[in-house]
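Just so you know, these numbers use all the heavy atoms, side chains as well, and skip hydrogens, waters and symmetry mates.
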Amino acid sequence: MPVLIIEGSGKAADFISKGYKLSENKTSDESSIFTETFTSEMLPLAKRITTDTNVDPIKLVEQLKECLQKRKMINVFSLDDTNETLDRMIQNIIFKIRNKDNKMGTEKKIKLVNRWNRPDIAEKEIFNMEKRQDIEKIRDSLKNKDSAVSNLFRKSLVDNRKDFVTLVLKYILETKCYQQFVTENLSLLYSECMDPGGSCRAGQLLEEYIQSSKQRIWKRGDNKINTSDSENLDIINKAVMHLLGNNKLKAIAKEEHRPFTSKDPFKELFMWAVLMNRKEMAKLFWKKDRDFICAALYASSLAKKLEKTASSEGYMELTKYFADDSRYYEQLAYDVMTELYIKDKHKARQLLVQKVQRYGNTTLFELSQHNHLMKFVEHTACQTKLNIIWKGNILPYTSHAKVIVAAFVPFMIQSIMIQDRKGEYTPQIANNRYISHEQRDFPNVKSVWSSKFGIESTKMQNQTGLAEQWNEIEFHQRIKNIYYFYNSPVTKFIFSLLAYIAFLVVFSLFVLTDLHPVSEGGISYKEYIIFGWATSMMTEELRQAFVLNTALLKYITWFKFWTIFEVFMYSLFYTSVLLRLTLSGDDFFYARAMYAITLGTFILNSMQFFIVSTAIGPKVIMIGRLIFDIIFFVLIFAVFVFGFGIIYHAIMYPNSEPGYLLFKEIIYIPYWQLYGELFLDTFQGTETDCTKDPELYKNGTMTRCPEVSEINYMLLAVYTVLTHIILVNFLIAMFSHTFTRSQDNNELVWKFHRFSLVQEYYDRCLLIPPLIILSHMKRAFFFILDKCCHVSNTKQVNVFRIDMKLKEKKRIDLLEKDAVNSYSNASVSLRKYRARAISSDDGSYSHDAEHSLHDQVEKVTKEVGKLQNFLEEMKQDIKDIKSYKQRVLLVELPKGIPSGTHVPEEVPMFQQTS
């Protein structure tokens, strides 16, 4: 019968526990060792116990020795032990009794550890490689919904018991087992966590969001919540897609109204963990899955949306948790991308634009951009990829000045373009590598190979035919050079900028010199040009809004202020045209004023072109943020203006006539006083051109004289102090705070918005406004042709969304997996060092792992040379060893002793002479 002794509880318990410690056998837990001093040390304590009895202390010590012979039945718990609790000790004893001689079955063991929440017992007694047969049974039983291990795994997920989940994932490796488990239990996992009476607040948030968004998520007539497992998963899918604003980003790979069968169990468990705010558990499933960077970005996007939902639904305690989760997942994606970028820059950049089928055919760029994941977009891999797309097939170090000169001097184009080995262009060559001088000079790569390695047979070909072939390829190459140059985003940007400047010049000349009523001078040719030019620019903006994914997503991701400003600008323009055609005479002033205001808005809109500059672009974003500060300041200032304006007017001009003039006079004086115009003549009553006669100032003949009062001077003093000293300095403090707060991440925001700029000019037509209308007509023609006759135009390649071959996809998957392993094994300091090293990259891509053929051959040649030198040195070392005879000591160690262990003297040793 096992005995539990509680040390520190008094007399007999302390007596037995002390004897238990003194007789400890370090080599065996089942037997005791009694030293010569055991009796002498135990006697004082035995006498203390037997003071009130007739028991012989020596006899008591002998009885204790007999009990300690069955040491394994005695369990001692110390009240001073902080590493163990009494209930856990009792559980250990019960488990030891029930599992005596290993008689208890695996199912019963799992039920006990599940009920007690004892992963330590599970790891020691169940999930152990020494018990492989038990693990095989556990693996097979995971497929059974009612099995003990299935209940253990499900309860561990619901109760957030990470240790149990780690054990199961560590010892059950077959994906099919998890597929069956997820198929049968995923809906139950969501239901248990979303139970309003449960403890999972994140699950309750999701349930409340579904209930509050029923009318928006479900179609009309389909808003009944069904209780079947399949329908519940459909509901969750719709909720997640509604959260992310994309109908393709499903959390669960399931077709609507069809039974659910899990194909990606770890992805589905990962999504469940993200939704339930189980960050540590989500990382476990993330490591077992694939598409690691995309999964982390998806989780970050989802957590960010859940943060906003928690704030609006009243779950304020979850707001911080989901915000931390979003930053954690984004940093996770950033760190893995850093590891991947170190291993292979080309593949890392390629991964950014690769469609990820398991996540709705989205790309890493799209996920980051649409969900404002600025930290990831800032990564050097993202920025260098944008540089590659921005320059197109132009050499990366070509300055904008050279591009501008080459645009007007076409014969310079050939010297700044990247060329294919065969004299042709391909996206791979343009985007990812430089070509050596030999390849640039010779269109056929075979001639380079032969010239380098002396293959005379290739070199002795017909020189006349080769020259003709050279000339033919050179001509086609030059034509392609010109096309690729003018079609690159940077060239299109430069021409768009020049075209916009020309538009502003013509618009200014029209407004300043040639704006007459229709009845007087008619409509000039300049006005026709301006109207056509502005219309073509507006149609291009509308085309991009609806072609680049959806208008909503574009507006969210690209400088929202300028989008609203452009809508206002074009509304003003067409209002000006309407007034110009309808007004005449004195009323034509309003049309002229509207045109002037419209011209001013078009000039201000040119600030968008500054966003391309590394130096000026962040400052433009800063100006946009300061404008929001001014808006808040104006709201505060308006309170003071109206407050003091009404006081002024009530005292100085009592019983005024109601109307627009009254409103104007109320705000006129206090507004201009902010800028230093104090109107002292008005307050002192020294104006001469005014009257107090009601008939004169009511009919507008003269202005009304104010009532002079000492109160006005006092009000002026108070108002001046409040506005000039407090409000103005308050505005300066707001600007300073915004500048200081934004200075650190200003470049981060600029890099984020830069993506939309590059994408916009990549998608633009080669023609500039107003000629771009021809491209719009062509696109409209092919669109109508496709809809009516189902004759689709040749689809252009989109470098922001590429389909990768299966073989190439597997290579990138292996690299990404390797990057995750490197991330997991690296220390925090090493990750920070690598991140700093990557961030210090200048954004170039001329020294990537992908080199030209000549560079690769030279690199391999050097490595082979090093290997040959190493082999020669090794041969020499072997010869040196053979030239000497020495004694070799062979030590035979007992089994189980690790290397580096001290060898005791009793271990047998043998000597062998070499």
Side-chain angles (χ1 to χ4, degrees), residues 85 87-88 90-92 94-95 98-99 104-128 134-135 137-207 227 229 232-233 236 252 260 262 265-288:
T85 59
D87 59 336
R88 290 172 64 91
I90 295 173
Q91 290 170 0
N92 291 340
I94 295 173
F95 189 89
R98 299 190 62 177
N99 195 37
M104 187 164 55
T106 306
E107 289 280 321
K108 292 182 179 180
K109 291 180 184 178
I110 294 174
K111 288 180 180 179
L112 275 181
V113 297
N114 186 20
R115 187 180 306 162
W116 293 341
N117 188 19
R118 294 296 302 274
D120 55 326
I121 298 178
E123 184 175 12
K124 183 179 179 181
E125 301 291 340
I126 303 172
F127 295 97
N128 195 321
D134 292 344
I135 292 178
K137 293 179 182 178
I138 293 171
R139 180 191 61 196
D140 296 333
S141 62
L142 183 62
K143 301 177 183 179
N144 185 2
K145 184 177 181 179
D146 299 325
S147 65
V149 67
S150 181
N151 291 329
L152 169 68
F153 194 45
R154 183 175 62 251
K155 186 172 177 58
S156 300
L157 291 172
V158 174
D159 295 342
N160 197 20
R161 303 194 303 202
K162 179 191 170 186
D163 293 335
F164 274 123
V165 175
T166 304
L167 285 175
V168 174
L169 293 176
K170 181 179 179 181
Y171 288 95
I172 302 179
L173 303 177
E174 289 191 8
T175 307
K176 292 182 179 179
C177 300
Y178 296 102
Q179 288 177 344
Q180 186 65 29
F181 173 83
V182 172
T183 300
E184 295 179 348
N185 293 276
L186 185 61
S187 177
L188 186 58
L189 287 174
Y190 277 106
S191 300
E192 291 184 9
C193 290
M194 293 165 62
D195 184 7
S199 60
C200 182
R201 294 285 289 165
Q204 294 168 8
L205 168 66
L206 182 60
E207 174 67 20
T227 56
D229 291 349
N232 284 340
L233 296 180
I236 293 164
I252 305 167
F260 170 63
S262 176
F266 297 118
K267 178 203 168 186
E268 282 138 9
L269 289 173
F270 173 70
M271 291 295 105
W272 171 86
V274 172
L275 287 169
M276 298 303 127
N277 189 27
R278 308 285 171 81
K279 182 170 63 178
E280 296 299 326
M281 198 173 291
K283 191 174 180 181
L284 293 176
F285 299 124
W286 175 78
K287 288 182 178 180
K288 300 287 288 185

Set out, in order, the CA-CA distance, both residues' side-chain angles and the distance that settles side-chain contact (heavy atoms from CB on, under 4.5 Å) for Phe127 and Ile138, then state yes or no. CA-CA 9 Å; Phe127 295 97; Ile138 293 171; 4.2 Å; yes
Could you walk me through whether Asp195 and Glu192 pass the side-chain contact (heavy atoms from CB on, under 4.5 Å) test, one step at a time? CA-CA 5 Å; Asp195 184 7; Glu192 291 184 9; 5.9 Å; no
Using the side-chain contact (heavy atoms from CB on, under 4.5 Å) rule, take Asn114 and Phe164 through it: C-alpha gap first, then chi angles, then the decisive distance, then the call. CA-CA 9 Å; Asn114 186 20; Phe164 274 123; 5.5 Å; no
Decide yes or no on side-chain contact (heavy atoms from CB on, under 4.5 Å) for Ser187 and Leu233, but give the supporting numbers first. CA-CA 6 Å; Ser187 177; Leu233 296 180; 4.2 Å; yes
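Of all heavy-atom pairs between Arg278 and Cys200, the closest is NH2-SG, 3.7 Å. The two residues Phe260 and Val182 come nearest to each other via the heavy atoms CE2-O, 3.7 Å. Across all non-hydrogen atoms, the minimal contact from Glu207 to Met194 is OE1-CE, 3.0 Å. Closest non-hydrogen pair, Tyr178 versus Ile172, comes out as OH-O, 2.6 Å. Closest approach of Ser156 to Val165, counting heavy atoms only: CB-CG2, 3.9 Å. Annotation for Thr183 and Ser262: closest pair OG1-N, 2.9 Å, computed over non-hydrogen atoms.
Between Glu107 and Ser141, some side-chain heavy-atom pair lies under the 4.5 Å cut-off. Within the 4.5 Å cutoff, the side chain of Gln180 has no heavy atoms near those of the Lys176 side chain. Counting heavy atoms from C-beta on, the side chains of Ile252 and Trp272 never come closer than 4.5 Å. When side chains are defined from C-beta on, Leu189 counts as touching Leu269, because their heavy atoms get closer than 4.5 Å. Residues Met276 and Met281 are not in side-chain contact: their nearest non-hydrogen atoms beyond the backbone lie 4.5 Å or more apart.
By the side chain to side chain donor-acceptor pair (under 3.5 Å) test, Lys137 is found to be paired with no residue, residues two or more places apart in sequence or in another chain being considered. Shown here are the ring-ring contact (aromatic ring centres under 6.0 Å, His included) partners of Phe285, two or more places apart in sequence or in another chain: there are none. With sequence neighbours excluded, the residues satisfying salt bridge (charged side-chain N to carboxylate O under 4.0 Å, His left out) with Arg88 are Glu84, Asp120.
Atom-to-atom distance recorded for Arg118:CZ and Asp87:CG is 8.0 Å, nearest 0.5 angstrom. Expressed to the nearest 0.5 Å, how far CD1 of Ile236 lies from CG of Leu275 amounts to 8.0 Å. If you take CG on Asn151 and CG on Leu142, they are separated by 10.5 Å, rounding to the nearest 0.5 Å. Atom CG of residue Leu186 and atom CE of residue Met271 lie 11.5 Å apart, to the nearest 0.5 angstrom. The CG atom of Asn117 lies 13.0 Å from the CG atom of Leu112; values are rounded to the nearest 0.5 Å. Taking CG from Leu152 and CG from Leu157, the interatomic distance works out to 9.5 Å, rounded to the nearest 0.5 Å.
At least one donor-acceptor pair closer than 3.5 Å links the side chain of Gln204 to the backbone N or O of Gly198.
Aromatic ring pairs are classed by plane angle as parallel below 30°, tilted from 30° to 60° and perpendicular above 60°; the pair Phe181 and Phe153 is tilted. Using the six-membered ring where Trp is involved, Trp116 and Phe95 have ring planes that are perpendicular, over 60° apart on the 30 and 60° scheme.
A salt bridge does not link Glu125 with Lys109: every distance from a Lys NZ or Arg NE/NH1/NH2 to an Asp or Glu carboxylate oxygen is 4.0 Å or more.
The number of heavy-atom neighbours closer than 6.0 Å to NZ of Lys288, taken from other residues, nucleotides and ligands shown, is above 12.
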